[in-house]
Number of protein chains: 2
Amino acid sequence: MNRQVRKIAELDRTIHEPGRLMLMTLLFAVEGSDFLYLQHETGMNKGTLSSHLSRLESAGYIEVSKTYRGKVPQTLLRLTAAGRKAFEQYRRHLREAL
Amino acid sequence: MNRQVRKIAELDRTIHEPGRLMLMTLLFAVEGSDFLYLQHETGMNKGTLSSHLSRLESAGYIEVSKTYRGKVPQTLLRLTAAGRKAFEQYRRHLREAL
DNA sequence: CCAACAGGTTGGCATTGCAAACTAGTAGGT
DNA sequence: ACCTACTAGTTTGCAATGCCAACCTGTTGG
């Protein structure tokens, strides 16, 4: 197996999936965000967004905190250190592969 | 929806899938290949490889020709012009997004 | 009381990937 | 000639995942 191609085979699928790649890209840039902002920026429906966030959380890539903005519930998301590192590595691998 | 993120949402899923991304990358580089070479370079099993090649063929990205090497059957693959173009565009979009 | 909002859960359908079975033709041994 | 094994793929069964649409929960405002 060719070196370049091996990099592709080893890409982190949790991040590679476009839905989550959007989320990681956004969260990497902004350093903290809420559910509605992510929904608006990605164009995903709530169900899909919710399940991608759950997956990122169980991968340890994001931290989810449920709070209130006044009386309205608000879900806050931010990358963990592991998530930041995984995203940087993903980008590095992809760049090397292409 | 943010411009960078929109690029990700619009990535060509036919190419983005790692199995097929490996194939496109290989075929883009070598300009003509056979089934066994691709299997060896990608590490995929025959079934998976066969189905990805079918999908790439029906997307019009590769051309499949079945011939013989002496008496042994051989399946030859190569990118079409459309496939080459799609791959270049995919890479461009990805680069812009990251 | 009722519509609307934030967010989550569920059901249905398509796709991926593996493994195992299958096809078709070829080569080797007896 | 006959049986077996191998090569090159294709097809099928199965589990996991992705995405959408629809429904559910809890709360707020009119």
Side-chain angles (χ1 to χ4, degrees), chain A residues 1 5-6 8-27 32-59 61-78 90, chain B residues 1 5-6 8-27 32-59 61-78 90:
Chain A
M1 203 158 118
V5 167
R6 187 187 308 274
I8 298 174
E10 288 168 0
L11 286 172
D12 183 340
R13 314 280 286 215
T14 300
I15 297 179
H16 187 68
E17 189 59 33
R20 290 186 298 263
L21 184 52
M22 288 192 274
L23 295 173
M24 293 295 283
T25 300
L26 284 168
L27 291 172
S33 171
D34 63 41
F35 190 97
L36 287 180
Y37 173 75
L38 293 177
Q39 187 183 356
H40 180 251
E41 292 299 295
T42 61
M44 287 187 233
N45 63 49
K46 310 185 242 183
T48 301
L49 177 54
S50 178
S51 70
H52 281 314
L53 291 175
S54 295
R55 279 191 56 102
L56 289 173
E57 186 185 17
S58 41
Y61 291 172
I62 67 173
E63 211 179 67
V64 181
S65 46
K66 293 167 196 201
T67 60
Y68 285 82
R69 183 190 351 119
K71 305 285 183 123
V72 180
Q74 183 177 222
T75 300
L76 294 174
L77 297 314
R78 61 180 190 75
Y90 171 82
Chain B
M1 200 161 116
V5 166
R6 186 186 308 275
I8 297 175
E10 287 168 0
L11 286 173
D12 183 341
R13 313 281 285 214
T14 300
I15 296 178
H16 188 68
E17 190 60 31
R20 290 187 296 267
L21 184 52
M22 288 193 273
L23 294 173
M24 293 295 282
T25 300
L26 283 168
L27 290 172
S33 172
D34 63 40
F35 190 97
L36 288 180
Y37 173 74
L38 293 177
Q39 188 185 355
H40 180 251
E41 294 298 296
T42 61
M44 288 187 231
N45 64 50
K46 310 186 246 183
T48 302
L49 177 54
S50 178
S51 73
H52 280 313
L53 291 174
S54 295
R55 277 191 58 103
L56 289 173
E57 186 184 16
S58 44
Y61 291 171
I62 67 173
E63 211 180 65
V64 181
S65 46
K66 292 164 196 204
T67 60
Y68 284 83
R69 183 192 350 122
K71 304 284 183 119
V72 181
Q74 183 177 221
T75 300
L76 294 174
L77 297 314
R78 61 182 190 74
Y90 170 81

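In the text below, chain A, chain B and the rest are named by the order of the sequence lines, each starting its count at 1.
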Is any side-chain nitrogen or oxygen of A:Arg13 closer than 4.0 Å to OP1 or OP2 of C:dG17?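 For A:Arg13, the contact criterion (side-chain N or O under 4.0 Å from OP1 or OP2 of C:dG17) is met.
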
* Asked: Under 4.0 Å: is that the gap between some side-chain N or O of A:Arg20 and OP1 or OP2 of D:dG18?
  ->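 Yes, such a contact exists.
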
Round to the nearest Å and state the distance from [X] atom [atom1] to [N] atom [atom2].
{"X": "B:Lys66", "N": "C:dA24", "atom1": "NZ", "atom2": "P", "answer": "13 Å"}
{"X": "A:His16", "N": "C:dT16", "atom1": "NE2", "atom2": "C1'", "answer": "12 Å"}
{"X": "B:Leu21", "N": "C:dT16", "atom1": "CG", "atom2": "C1'", "answer": "15 Å"}
{"X": "B:Gln39", "N": "C:dA19", "atom1": "CD", "atom2": "P", "answer": "12 Å"}
{"X": "B:Glu17", "N": "D:dT17", "atom1": "CD", "atom2": "P", "answer": "13 Å"}
{"X": "B:Ile15", "N": "C:dT16", "atom1": "CD1", "atom2": "P", "answer": "13 Å"}
{"X": "A:Asn45", "N": "D:dC23", "atom1": "CG", "atom2": "P", "answer": "15 Å"}
{"X": "A:Leu23", "N": "D:dG18", "atom1": "CG", "atom2": "C1'", "answer": "13 Å"}

field: Cationic N near anionic O, under 4.0 Å, B:Glu41 to A:Arg6
entry: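 Looking at A:Arg6 together with B:Glu41, the answer is no, because their closest N to O distance does not fall below 4.0 Å.
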
Dump the pairs, protein N or O against N or O of nucleotides 3-6 of chain C, anything under 3.5 Å, distances to one decimal.
{"from": "C:dA6", "atom 1": "O3'", "to": "A:Pro73", "atom 2": "O", "distance (Å)": "2.9"}

Given 3.5 Å as the limit, does a donor-acceptor pair link the side chain of A:Thr48 with the main chain of A:Met44, or not?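 Not confirmed, A:Thr48 side chain does not pair with A:Met44 backbone.
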
Exercise. With B:Phe35, which residues qualify under ring pair (Phe, Tyr, Trp, His ring centres under 6.0 Å), at least two apart?
Worked result: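 Per chain and number, B:Phe35 pairs via ring pair (Phe, Tyr, Trp, His ring centres under 6.0 Å) with no residue.
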
- Message: Just to be sure I understand the geometry, which residues of residues 47-57 of chain A put a non-hydrogen atom under 4.0 Å away from DNA chain D?
- Response: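 The stretch gives A:Thr48, A:His52, A:Arg55 as the residues lying under 4.0 Å from the strand, ordered by number.
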
Student check: side-chain heavy atoms of A:Glu63 and A:Leu77 closer than 4.5 Å: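 No, too far: nothing below the 4.5 Å cut-off.
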
